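One structure is given below, encoded as structure tokens.
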Amino acid sequence: MSEVLVVIDHADGEVKKPTYELLTIAKRLGEPSAVFFGSPDQGDAVAEKVKKYGAGKVYVIDDAQIKGYLVAPKAEALQQLAEKTSPAAILLPSTFENKEVAGRLAIKLGSGMITDAVDVTDGGVTTQSVFAGNFTVQAKVTTGTPIITVKPNSAAPEEAEGAGAVEAFAVTISDAAKGAQIVATQPRQSTGRPELTEAAIVVSGGRGTGGNFEPVEGFADSLGAAVGASRAAVDSGWMPHAFQVGQTGKTVSPQLYVANGISGAIQHRAGMQTSKTIVAVNKDPEAPIFELVDFGVVGDLHSVLPAATEKITERKG
Amino acid sequence: MNIVVCVKYVPDATADRKFEDDNTVDRVGVDGLLSELDEYAVEQALQFREKREGEEITVTALTVGPEKAVDAVRKALQMGADSGVHVVDDAIAGSDYIATSLVLAKAVEKIKADAGADLVVCGMASTDASGSVVPAMLAERLGLPQVTLASVVESQGDQVRIKRDNEGSTEVIGATLPIVLSVTDQSGEARYPSFKGIMAAKKKGLETWSLSDLGVDAGEVGLSVAWSQVEDTTARPPRTAGEIVTDEDGSGATALVDFLASKKFI
Ligand SMILES: Cc1cc2nc3c(=O)[nH]c(=O)nc-3n(C[C@H](O)[C@H](O)[C@H](O)COP(=O)(O)OP(=O)(O)OC[C@H]3O[C@@H](n4cnc5c(N)ncnc54)[C@H](O)[C@@H]3O)c2cc1C
Ligand SMILES: Nc1ncnc2c1ncn2[C@@H]1O[C@H](COP(=O)(O)O)[C@@H](O)[C@H]1O
């Protein structure tokens, strides 16, 4: 069986959940090999993690010459690894950066590419959700090595023992790939809440919060949820852009999505319509969001949410 | 200096978007327009010009798309672009990202030969495909630095700096012109065409190019040679509206918590 390259999603060596989902999907297509862009001294620790989800090999690519520049060096490195390993497919977690890496890699390898898959079958057929979640599309790469970016929550991670053999892979990065330099990086402060795109429950607030996100955050914390926002709330400066759900923000697909003071514009739906269960609190009974919900409360979020939070906290004891 | 701004003609997101029988996007039966996210690209191109008083700077709007796609270029001209190019050819229909980026790259090279292309500006994503990949692919093909997903753009001389929101951080990216730039909807409200702008646009140059004008072989593009194929498209069954309760004296919170508990979320 051929190798399937899986690019590891991590923050400073801390492996993130989508990596395990991708390894699980990779097993359907061949023999999963994980690719770690990072500091070589973290390679062994990362290998320990990913081998539990079936990674046979772990290619460690020293990112000293890569991390200072945008996208192009990663595409060059993956091209070199792909040329050496002739993989059956290359899977990347679907982030903005990885989609760009995939696009450049597709041209370099002369291969077809599919972005934002929410499922991949053993035959390599992908499922995507398009037009604000109103359609699903089945597609397949027909030329070259399939390059597929996969969204978080696309598979339930399945444990499987892999060899986890660490192999350092040396790459050569051209000067041309170093044209866009990362001059400064400001890490975003952690909120202590789950990551928006990975969370099982997302509680969002919109213009209806009037700028007071406390009821939304309190309710989210009682459920152990991530907090999201509509663009109206972001544009008003109430929440940072990183929390925006929708077409130009994050796409989420949690078990439960709770929209508070959000009308349900098509661009917002684009980011949450595939959630399993949808709940809304809105004081306007005509708000379009109610067309989507499994359960809705017509009411003022400033009274409904604090009361609900209190009841949930009581129940939990 | 010449700036090329890439604008896409897309089906209106608020209309009933659908697919054709061959699984390509219906670009004719549904009303189309200049992708809203590309208005931000036009805006940044115009601001780039306006901030550099005394420099001779022109802005060329470029689109690849069917007959009607010329409307996207017209809108850009009305907003203030100086000239337009519409690449249209039956063979292009159904192209994937690979082919689209090829045609765009060839068109940019032709514009460059005539007027220069010191800066190529794109939107963050097309509102129909939402790939956010074409700018990176264009940079790859043109061999230019990619400075993408900018929420803030600043420049001085041939130096450009942008702010970019990444997964866990905000980054400042620096590069030297010529570059491919893409901008997000955070980069600043796009202007509306003024009456004067609409009148002036009628007299601006708008060229129509075919694949042969670009030296691209028809066999390199289009649906039949795409490197990935759509096998099926299905309309998602509409969500059936669930139970809606009206809050009266705290009844809403009780009902909400009962619902969440019944679904085992608590
Ligand atoms: C190109 C483009 C991209 C976009 N991308 C996004 C995107 O990524 N994400 C996104 O969200 N939007 C996006 N938008 C914007 C989108 O069209 C809407 O404008 C936006 O989603 C509206 O946000 P909202 O629902 O919070 O505000 P509104 O539409 O103003 O709705 C506020 C709601 O709050 C309710 N309300 C008010 N007070 C209360 C109260 N006290 N209690 C309960 N309910 C209350 C009101 O009844 C109303 O329904 C985009 C638009 C464009 C053109
Ligand atoms: N057919 C096209 N014509 C002109 N520009 C395009 C076309 N397709 C994509 N682009 C540009 O590339 C950006 C990203 O598109 P996409 O990768 O499809 O999401 C858009 O915002 C446009 O600036």
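Keep in mind the model is a prediction, meaning the values are calculated, not measured.
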Please check: side-chain N/O of R188(A) versus main-chain N/O of N166(B), any donor-acceptor pairing under 3.5 Å?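 Confirmed, R188(A) side chain pairs with N166(B) backbone.
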Look at the side chain of T277(A) and the backbone N and O of L256(A), then say whether any donor-acceptor pair between them is shorter than 3.5 Å.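 Judged by distance alone, no pair lies under 3.5 Å.
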Part of [X] lying under 4.5 Å from any heavy atom of chain A:
| X | result |
| --- | --- |
| T234(B) | both |
| K163(B) | neither |
| A235(B) | both |
| A139(B) | both |
| S151(B) | neither |
| L256(B) | both |
| E36(B) | side chain |
| L138(B) | neither |
| D96(B) | neither |
| L260(B) | side chain |

Chain B contact via [X] - which portion, at a heavy-atom distance below 4.5 Å:
| X | value |
| --- | --- |
| Q186(A) | both |
| Q267(A) | side chain |
| T115(A) | side chain |
| D294(A) | both |
| S222(A) | neither |
| R104(A) | both |
| A176(A) | neither |

Among H241(A), E97(A), K283(A), Q189(A), which has the most heavy-atom pairs under 4.5 Å with chain B?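 With the most close heavy-atom pairs to chain B, the winner is H241(A).
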Nearest atoms (heavy-atom pairs only) where F265(B) meets I201(A):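 Heavy atoms only, the tightest pair is CD2-CD1, 4.1 Å.
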Which heavy-atom pair separates A261(B) from R315(A) by the least distance, and what is that distance?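 Result for this residue pair: CB-NH1, 3.5 Å.
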Closest-packed option against chain A by number of heavy-atom pairs under 4.5 Å, given M137(B), R17(B), E231(B), E171(B):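 Looking at each of M137(B), R17(B), E231(B), E171(B) in turn, R17(B) comes out on top.
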Pairwise side-chain contact, V180(B) with V147(B), heavy-atom cut-off 4.5 Å (strictly under):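 No, too far: nothing below the 4.5 Å cut-off.
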